[in-house]
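This report concerns only the one structure given below.
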Amino acid sequence: MKIGQLASRTGVNASAIRYYEKLSLIPAPYRASGQRRYSDEAIYRVLLIRFARDMDFSLGEIEIFLSGLNDKAPVGKRWKRLAHFKIRQVDETMVRAQRLKSLLEHLLHCRCTSLRQCVDRLSLSPKLRLMGNGAK
């Protein structure tokens with residue numbers, strides 16, 4: 001398929017696809033009459049790159065991630081380190097999201113008479129926040 005077809009099927013700009021190709025995140029396609037021709041496998045690779053970018057993976061992390069997903073070899077130490085790092089990031093994001101949800105739910109039903117009272121009830125005062133984070 002041509003690059004425009006790959007772009008429309010994946011929702012990724014052709015310029016980004018060329019860039020991913022330059023970075024070797026996707027294999028260089030064969031050419032017919034000077035035009036790039038991608039295999040159907042390129043769709044899955046580009047979709048995976050797009051998903052990883054949406055999940056805040058850097059291009060360097062995506063390179064490690066994709067190199068670990070090889071049919072011919074077991075995942076390496078770099079891939080496992082990245083996976084552990086990303087799992088910690090996801091856990092931290094989930095904690096922040098749960099705190100935000102709790103705050104928003106509280107604010108939906110808030111009957112505080114002042115902002116100070118609301119901050120105190122939510123334990124958002126600077127002293128309590130520092131103590132909750134383990135700071136001294």
Side-chain angles (χ1 to χ4, degrees):
M1 84 187 78
K2 294 179 182 179
I3 194 167
Q5 293 168 310
L6 179 59
S8 73
R9 290 180 72 181
T10 60
V12 174
N13 291 332
S15 59
I17 293 169
R18 285 189 289 274
Y19 186 61
Y20 298 156
E21 182 185 326
K22 181 179 174 183
L23 296 176
S24 300
L25 295 177
I26 59 174
Y30 72 92
R31 292 183 181 259
S33 301
Q35 294 182 333
R36 291 171 168 86
R37 301 295 175 145
Y38 294 91
S39 69
D40 288 341
E41 281 296 311
I43 294 170
Y44 304 107
R45 198 155 182 102
V46 172
L47 287 173
L48 189 55
I49 293 168
R50 187 177 121 197
F51 175 77
R53 291 294 288 160
D54 289 347
M55 295 297 111
D56 292 327
F57 277 66
S58 70
L59 290 173
E61 290 171 335
I62 292 171
E63 182 179 11
I64 294 168
F65 181 69
L66 290 174
S67 69
L69 299 176
N70 185 341
D71 291 341
K72 299 175 182 92
V75 296
K77 290 180 184 178
R78 287 179 69 208
W79 193 94
K80 288 179 181 178
R81 274 196 307 269
L82 173 63
H84 286 297
F85 173 74
K86 284 300 187 181
I87 289 168
R88 281 192 305 275
Q89 275 189 331
V90 168
D91 288 342
E92 291 167 5
T93 299
M94 290 169 59
V95 166
R96 285 192 313 273
Q98 188 58 48
R99 288 177 61 201
L100 176 59
K101 181 182 177 193
S102 294
L103 172 64
L104 293 171
E105 287 172 343
H106 170 79
L107 293 175
L108 281 173
H109 307 290
C110 183
R111 302 256 187 255
C112 297
T113 57
S114 70
L115 181 61
R116 181 178 183 162
Q117 183 184 31
C118 196
V119 167
D120 287 342
R121 283 187 181 169
L122 293 171
S123 299
L124 295 178
S125 70
K127 187 174 184 178
L128 290 175
R129 187 174 58 241
L130 288 175
M131 288 172 42
N133 288 337
K136 296 176 183 174

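What you see below is based on every heavy atom in this structure, not just the backbone, and it leaves out hydrogens, waters and symmetry mates.
- For Arg9, the CZ atom sits in a loose shell: 12 or fewer heavy atoms of surrounding residues, nucleotides or ligands are nearer than 6.0 Å.
- The hydrophobic clustering, which links ILVMFWY residues whose side-chain heavy atoms are closer than 4.5 Å, places Phe51 and Tyr44 apart.
- Surrounding CD of Glu41 are at most 12 heavy atoms belonging to other residues, nucleotides or ligands under 6.0 Å away.
- The side-chain heavy atoms of Phe85 and Glu61, taken from C-beta on, include a pair separated by under 4.5 Å.
- Once rounded to the nearest 0.5 Å, the distance linking CE of Met94 with NZ of Lys101 reads 11.5 Å.
- Taking a 6.0 Å sphere around CZ of Arg18, one finds it holds more than 12 heavy atoms contributed by other residues, nucleotides or ligands.
- Between Tyr20 and Leu59 there is a side-chain heavy-atom pair separated by less than 4.5 Å.
- For the 3.5 Å distance criterion, the side chains of Arg96 and Thr93 qualify, holding a donor opposite an acceptor.
- Each of Ile64 and Val90 belongs to its own hydrophobic cluster when Ile, Leu, Val, Met, Phe, Trp and Tyr are linked at side-chain heavy-atom distances under 4.5 angstrom.
- The heavy-atom pair separating Ala14 from Ala7 by the smallest distance is N-CB, 3.9 Å.
- In this structure, CG in Leu82 is found 8.0 Å from OG in Ser58, a value given to the nearest 0.5 Å.
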Take Gln89 and Lys86 through the side-chain hydrogen bond (donor to acceptor under 3.5 Å, both in side chains) test and state the conclusion after the steps.
CA-CA 5 Å; Gln89 275 189 331; Lys86 284 300 187 181; 2.8 Å; yes
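- Summarising the geometry, atom CG belonging to Asn13 is positioned 10.0 Å from atom CD1 belonging to Ile3; distances are rounded to the nearest 0.5 Å.
- None of Gln5, Arg45, Glu21 except one satisfies the side chain to side chain donor-acceptor pair (under 3.5 Å) rule with Tyr38; the exception is Glu21.
- Taking CZ of Phe65 as the reference point, atom CD1 of Ile49 lies at 10.5 Å (rounded to 0.5 Å).
- Arg31 has its side chain within reach of Arg36: a pair of non-hydrogen atoms, C-beta onward, lies under 4.5 Å apart.
- For the atom pair CZ of Arg88 and CG of Asp91, the computed distance is 9.5 Å after rounding to the nearest 0.5 Å.
- Placement of Tyr19 and Ile26 within a single hydrophobic cluster is found when ILVMFWY residues are connected by side-chain heavy-atom separations under 4.5 Å, directly or transitively.
- Remark: side-chain polar atoms of Arg50 are paired, donor with acceptor, to backbone N or O of Thr10 under 3.5 angstrom.
- Side-chain contact between Ile43 and Met1 is present, with heavy atoms from C-beta onward closer than 4.5 Å.
- Atom CD1 of Ile17 sits about 16.0 Å away from atom NZ of Lys22, to the nearest 0.5 Å.
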